[in-house]
Amino acid sequence: MHAYAIQDSAGLVKLDAMENPYSLPPELQDLLGQRLGRLALNRYPDARVNDLRAALAAYARMPEDYALILGNGSDELISLLALACHMPGASVLAPVPGFVMYAMSAQLQGLAFHGVPLTADFELDESAMLSAIEQHQPSLTYLAYPNNPTANLWDEGVITRVIDAVGQQGGLVVVDEAYQPFAARSWLERLRAQPQAQGHVLLMRTLSKFGLAGVRLGYLMGPKALIAEIDKVRPPYNVSVLNYECALFALEHAQVFAQQAKEIKAQRAKIFQALTALPQVRAWNSEANMILIRVPNAGQTFQGMKSRGVLIKNVSGLHPLLANCLRLTVGTPEENQVMLAALKDSL
Ligand SMILES: *Cc1c(COP(=O)(O)O)cnc(C)c1O
């Protein structure tokens, strides 16, 4: 294996990692700086972390009998879940192509990973999922809602039947809503409506795509008793005082981030429309802050865009279903114009 590769983006328009393109407004930068400066950096993180948990629970409108656990990004939570589930014979299952950390966390923990291919149009393959669940009885099944890199929300009926099947053989389902700020639906509504049937479902979110990728703050919500078990493998003080104070500050100004998400969704629609006018490009509908496209020659288009100063992600090598696919992160209006011009010139 190789270490997680991060592309060098120096001097390029950076549209490769689903980051929010907006920084904090200057007056908020000053306020945050003052707050961070006053923190007791000489002390271990204290009970203020509970204020953040309460603020996140309120922000997400978490159900009453749920609890939440914080992670240093949701990547840490994914690793902790693999650790928590590591019993003899345990395995992890997820649709592929999907988020790479599901397979990587399993591999690093020494657990088997079962990737179940999506259909050619990136929907869940219901019968393949159900038979893989029956065959492997996975401890942990991941469903990214919306999925990365395909950016779509899968059919709710199929997801419900997958969740039921996992529950029948005693496994857990993690619904990963990293892109929730940009999606039309959340699985939380279903959890609230059917708490009994979904008692083995955990809901994971992160502040990364919301606008705080640099802060590293993910959270996992679920029935109290389940979260208490996963909390046993969490390292003490896994979230720094700087992380949680930044996250608290951001939630106090949630309307600033909500406005940014609104702008990003409007830009997503504009980019999508521009893409549909390009006959060599196939674009898929997005419920996230990225758009997956297929071009005649992904390697050539990727390099052409890079030489024109725009960094995107060439995902075509990640899975056969992604042949000649590129992933475009939605940026500011100016960045998107530069990106679209570079794409046209590179096709
Ligand atoms: C980006 C992403 C995450 C995020 O991870 P963080 O560690 O919180 O930055 C999680 N899940 C999916 C599907 C993602 O695309």
Side-chain angles (χ1 to χ4, degrees), residues 17-20 22-84 101 105 174-182 186 188 202-224 226-261 289:
M18 285 78 78
E19 291 149 330
N20 177 334
Y22 299 105
S23 50
L24 274 184
E27 61 282 9
L28 293 188
Q29 291 182 13
D30 289 345
L31 280 173
L32 176 61
Q34 287 165 24
R35 247 165 88 165
L36 295 183
R38 284 195 295 266
L39 291 176
L41 299 179
N42 55 320
R43 302 285 178 198
Y44 282 108
D46 59 11
R48 184 133 173 91
V49 75
N50 296 326
D51 296 349
L52 175 57
R53 289 163 54 176
L56 283 168
Y59 172 75
R61 299 193 304 114
M62 185 173 84
E64 285 279 302
D65 43 357
Y66 272 39
L68 68 79
I69 174 175
L70 302 178
N72 204 285
S74 38
D75 283 354
E76 185 186 32
L77 294 169
I78 294 169
S79 301
L80 293 181
L81 283 162
L83 180 59
M101 294 308 295
S105 63
V174 180
V175 177
D176 181 352
E177 293 196 335
Y179 299 96
Q180 178 274 329
F182 316 103
S186 164
L188 196 58
L202 300 164
L203 193 82
M204 189 164 68
R205 290 194 183 167
T206 172
L207 294 183
S208 292
K209 298 354 184 296
F210 168 94
L212 299 182
V215 170
R216 311 307 297 133
L217 204 290
Y219 55 112
L220 183 74
M221 300 183 270
K224 274 184 179 148
L226 262 181
I227 293 292
E229 293 303 310
I230 295 157
D231 202 35
K232 293 176 183 173
V233 300
R234 183 179 56 82
Y237 313 123
N238 63 325
V239 174
S240 90
V241 293
L242 296 166
N243 299 30
Y244 66 60
E245 200 62 38
C246 282
L248 267 167
F249 182 83
L251 292 174
E252 286 164 23
H253 300 93
Q255 77 288 352
V256 173
F257 294 87
Q259 184 56 40
Q260 292 172 352
N289 61 342

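These values consider heavy atoms only, across backbone and side chains, with no hydrogens, waters or symmetry-generated copies. Predicted model only: the values in this text are computed from it and were never measured.
To the nearest 0.5 angstrom, L203 atom CG is 8.5 Å from Q180 atom CD. Distance check: L68 CG to K224 NZ gives 11.0 Å after rounding to the nearest 0.5 Å.
Applying side chain to side chain contact (heavy atoms under 4.5 Å, CB included) to F257 and the options L24, L207, L251 leaves one that passes, L24.
Inter-residue side-chain proximity for L31 and F249 is flagged as met; some heavy-atom pair is nearer than 4.5 Å. Between P235 and L80 the shortest side-chain heavy-atom distance falls below 4.5 Å. Side-chain contact between L70 and V49 is present, with at least one heavy-atom pair separated by less than 4.5 Å. Between T206 and L77 there is no side-chain heavy-atom pair separated by less than 4.5 Å.
Side chain of N243 to backbone of R216: a donor-acceptor contact under 3.5 angstrom is found. Y244 places a side-chain N or O within 3.5 Å of a backbone atom of D46 that can act as its donor or acceptor partner. N289 places no side-chain N or O within 3.5 Å of a backbone atom of Y179 that could act as its donor or acceptor partner.
Remark: E177 engages S186, R205 in a side chain to side chain donor-acceptor pair (under 3.5 Å) (not counting sequence neighbours).
The aromatic rings of Y44 and Y237 lie parallel to each other, their planes meeting at an angle below 30°, with 60° marking the opposite boundary.
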